[in-house]
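Reminder, nothing fancy here: chain letters follow the sequence lines and each chain counts from 1. The structure presented is a predicted model; accordingly, all values stated were derived computationally and were not measured.
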Amino acid sequence: MVSLPILQFEEKIVQTVQDNPVVVIIGETGSGKSTQLSQIFHRHGYSKSGVIAVTQPRRVAAVSVARRVAQELNVILGEEVGYAIRFEDRTSPKTKIKYLTDGVLLRESLSNPELSDYSMIILDEAHERSLNTDILMGLMKRLVKLRPSNLRVLITSATLDGNKVSDFFMNCPVLTVPGKLYPVEILYSNERPTSYIESSLRTAIDIHVREPEGDVLIFMTGQDDIEKLVDKLRDKVQSLEEGSCMDAIVLPLHGSLPPEMQVRVFTPPPQNCRRFIVATNIAETSLTVDGVVYVIDSGYVKQRQYNPTSGMYSLDVVQISKVQADQRAGRAGRTRPGKCYRLYPSKVYQDELLDVTIPEIQRSSLAGSVLYLKSLDLSDIDILKFDFLDPPSSDTLEDALKQLHLIDAIDTSGSITNVGKIMAELPLEPALSRTLLEANEYGCLSQALTIAAMLSAETSLLPGRSKHSEKKRKPPPDLPDGSGLGDHIQLLQIYEYWHQIDYHIGWLKDNDLQVRGMLFVRDVRKQLSQIIQKIAKGNLDVQEAESERERRRDYKNLRKALCAGYASQLAERMTLHNGYRTIGFKSQLVQVHPSSMLRTDDDGMFPDFVVYHELISTSRPYMRNVCAIEVSWVIPIMKKLENLNVNRLSGGSDQVIDGEQRKSSSLLQQKNLAIEQDDRESKIQAARERFLARKAEREQSLGRKAKK
DNA sequence: TTACCGCGA
């Protein structure tokens with residue numbers, strides 16, 4: 001422990017922090033920054049006037065680092081040293097050092113914007129640029145000015161962007177602490193391969209027959225490629241002449257693998273056996289596999305990005321950044337000197353790879369974050385001018401404002417409404433928190449709570465498709481089908497049924513539902529109920545579904561509430577086929593996702609209107625999780641769209657024109673808006689006409705059916 | 001007729 005590099009710099013660090021409100025500490029892997037910084041300042045009395053907080057982007061990290069520090073200080077976890085993550089607060093009045101996820105600290109600043117409990121806040125792993133850490137950095141910049149005498153902020157970052165963070169914090173000092181990584185030799189390919197699966201395969205086998213023992217970690221982009229490579233690698237290894245080289249085990253590693261399969265990488269291999277671990281970027285930061293000596297880096301990653309104009313996410317395979325490439329290489333040098341095989345030329349690394357990964361804040365929809373910032377009620381801060389380390393585009397911010405206005409979270413001048421204030425307290429995306437409030441008015445809050453909770457865990461419910469699922473294609477188990485109304489309703493029915501049979505675990509297994517996911521849903525639902533309790537008008541328990549469902553089989557009120565919540569996520573079916581056009585955003589042609597439970601009518605047609613939870617472009621643009629709604633609920637929303645004025649939402653820039661640039665952009669915005677509005681009016685008109693035409697057509701079709 | 005990079009409240 002004494003050998004940790006950071007301890008040699010203790011004096012210097014303490015001195016610098018004493019003299020400066022913000023300090024950036026660049027600590028490479030193995031420097032001990034996550035466990036030692038808090039202890040250093042605890043020793044130097046900083047925990048006497050308040051708690052020392054250390055944020056982490058991930059839950060497991062917050063827990064495991066807290067546990068380590070408690071051990072090192074020889075105290076009981078939860079007393080002097082504790083942690084706080086969602087659903088689990090292990091702190092006490094005695095706590096002096098508190099590890100917490102960045103999301104939890106953000107929530108805390110909602111109820112206490114000055115974070116007055118803390119004498120020091122350490123934002124750890126800031127170089128990962130998680131959305132929450134980025135927002136916290138902006139808040140910290142403001143907070144150190146408000147509390148100059150009794151708050152110290154430390155930001156830890158990786159080598160490449162240390163100076164940038166320093167610039168952001170008014171040229172604060174930057175201290176560098178060396179890490180404890182072993183050297184990693186980088187080997188480049190001469191050219192980019194035509195298939196990086198084949199190229200990875202060749203390289204892996206090459207290592208296996210030529211290099212001494214040590215595990216091989218291979219970075220691929222997704223589950224499909226991983227499964228392909230794992231199969232090929234297993235075949236190839238078996239075909240090698242017996243006794244010509246050591247044994248080998250090939251293991252896949254990615255997020256949709258069930259937990260018991262993921263932990264297999266933590267059991268060391270038998271003697272004289274090499275492991276090949278084929279992984280997504282989960283192995284870049286989240287999971288650390290011991291024993292890796294060789295890394296094969298394809299140079300690609302699958303990344304989700306948001307388009308604020310179309311409201312659509314896309315999942316694209318993109319080149320990694322230099323930071324990511326270095327991080328991947330570093331995985332080979334944790335236990336001894338290693339080698340990293342980059343399947344691209346060094347020229348590509350130098351000239352083509354971005355220096356840093358595009359931060360999450362520039363790749364996401366910001367409706368939730370903007371609402372959060374508005375609810376903090378920082379009178380000195382205008383959201384559109386909020387000081388971000390890397391500001392999101394004005395398109396993204398305007399999109400967020402537009403969405404928030406459509407669901408009544410902000411008024412026409414952009415100020416947060418009472419509805420918006422309540423919404424911000426709920427740990428949900430705005431569409432769902434708005435649905436809850438509307439459902440409360442319609443007397444179906446309990447059902448809406450269930451849907452919101454189910455959607456919060458949605459990806460971890462499905463069994464993860466695998467090639468073995470072909471035999472499972474036999475009639476799907478006895479899951480409810482959403483009465484044909486769509487996926488939200490199905491999720492509700494699944495949970496209600498599970499509740500009815502006393503949360504029986506065996507039923508989940510029989511129906512390929514992930515146990516952990518469903519338990520998570522139960523926790524989320526409980527948490528949401530507690531938060532909304534103070535305004536709830538009815539019973540919040542899961543309803544006894546049987547008689548209830550019979551009585552209102554069409555879930556009309558509930559679907560109406562969903563329509564209000566998803567006001568910016570509407571789509572209208574095309575007249576002649578089952579494609580849809582989106583309404584709130586720039587109109588796009590989209591399909592109902594093939595996994596959807598939405599049912600067609602007797603003519604094989606989907607409902608005229610739906611709301612969707614998410615728009616995602618993979619092989620084609622899809623709506624994922626849809627719910628049937630009625631045209632009469634859509635008309636008022638269209639009216640509201642007609643009258644929307646984005647300029648006013650962003651703080652009335654009609655009057656305030658400061659500087660040439662602002663002026664021109666404002667004029668441009670007005671022009672675009674005018675065009676959009678024309679477009680919109682004709683769209684609404686056309687929609688009405690199409691609706692009437694279709695109705696007539698429907699009536700005629702009765703005759704067609706009779707012929708059959 | 002097709003699907004799922006990774007985190008978090």
Nearest-Å distance, CZ (A:Arg599) to P (B:dT1)?
-> 20 Å
For B:dG6, take OP1 and OP2 only and decide whether either is under 4.0 Å from a side-chain N or O of A:Thr280.
-> yes
A:Glu360 CD to B:dG6 C1', straight-line distance once rounded to whole Å | 9 Å
Interatomic distance where CD belongs to A:Glu125 and C1' belongs to B:dC7 [whole Å] | 13 Å
Would you mind reading off the distance between A:Leu131 atom CG and B:dG8 atom P, rounded to a whole angstrom?
-> 13 Å
When the nearest nucleotide of DNA chain B is assigned to A:Val301 and to A:Asp102 on a heavy-atom basis, which residue is associated with the more 5' position?
-> A:Val301
Contact nearer the 5' end of DNA chain B, comparing A:Leu428 with A:Leu253 = A:Leu253
Listed nucleotide nearest any side-chain atom of A:Asn281, set B:dC5, B:dT2, B:dC4 = B:dC5
Should A:Thr101 be listed as having a side-chain N or O under 4.0 Å from OP1 or OP2 of B:dA9?
-> yes
Give one of base, sugar-phosphate or nothing for A:Leu315, where a contact means two heavy atoms less than 4.0 Å apart.
-> base
OP1, OP2 of B:dC7 versus side-chain N and O of A:Thr285: anything below 4.0 Å?
-> no
Please state how far atom CZ in A:Arg86 lies from atom C1' in B:dA9, giving the value in whole angstrom units.
-> 5 Å
Does a nitrogen or oxygen in the side chain of A:Arg304 sit under 4.0 Å from OP1 or OP2 of B:dG6?
-> no
At under 4.0 Å, does any side-chain N or O of A:Arg59 touch on OP1 or OP2 of B:dA9?
-> yes
Could you tell me whether the phosphate oxygens of B:dC7, OP1 or OP2, come under 4.0 Å of any side-chain nitrogen or oxygen in A:Ser286?
-> yes
Could you tell me whether A:Glu425 and A:Lys421 have a side-chain N and a carboxylate O separated by less than 4.0 Å?
-> no
Proximity to the side chain of A:Lys302 - top-ranked nucleotide from B:dG8, B:dC4, B:dG6 | B:dC4
Atom-to-atom span, CG of A:Asp487 to P of B:dT2 - whole angstrom = 17 Å
Carboxylate-amine/guanidinium contact A:Arg342 A:Asp326, below 4.0 Å | yes
Can you measure from CD (A:Glu114) to OG (A:Ser109) and round to the nearest 0.5 angstrom?
-> 11.0 Å
Calculate the interatomic distance between A:Ile422 atom CD1 and B:dA9 atom P; express it in whole Å.
-> 23 Å
Using the six-membered ring of A:Phe606, assess whether NZ or CZ of A:Arg573 lies under 6.0 Å from its centre and within 45 degrees of the ring axis.
-> no
Between A:Glu284 and A:Arg328, is there a side-chain N and carboxylate O pair less than 4.0 Å apart?
-> yes
Specify the separation, in whole Å, of atom CG of A:Leu100 and atom C1' of B:dA9.
-> 12 Å
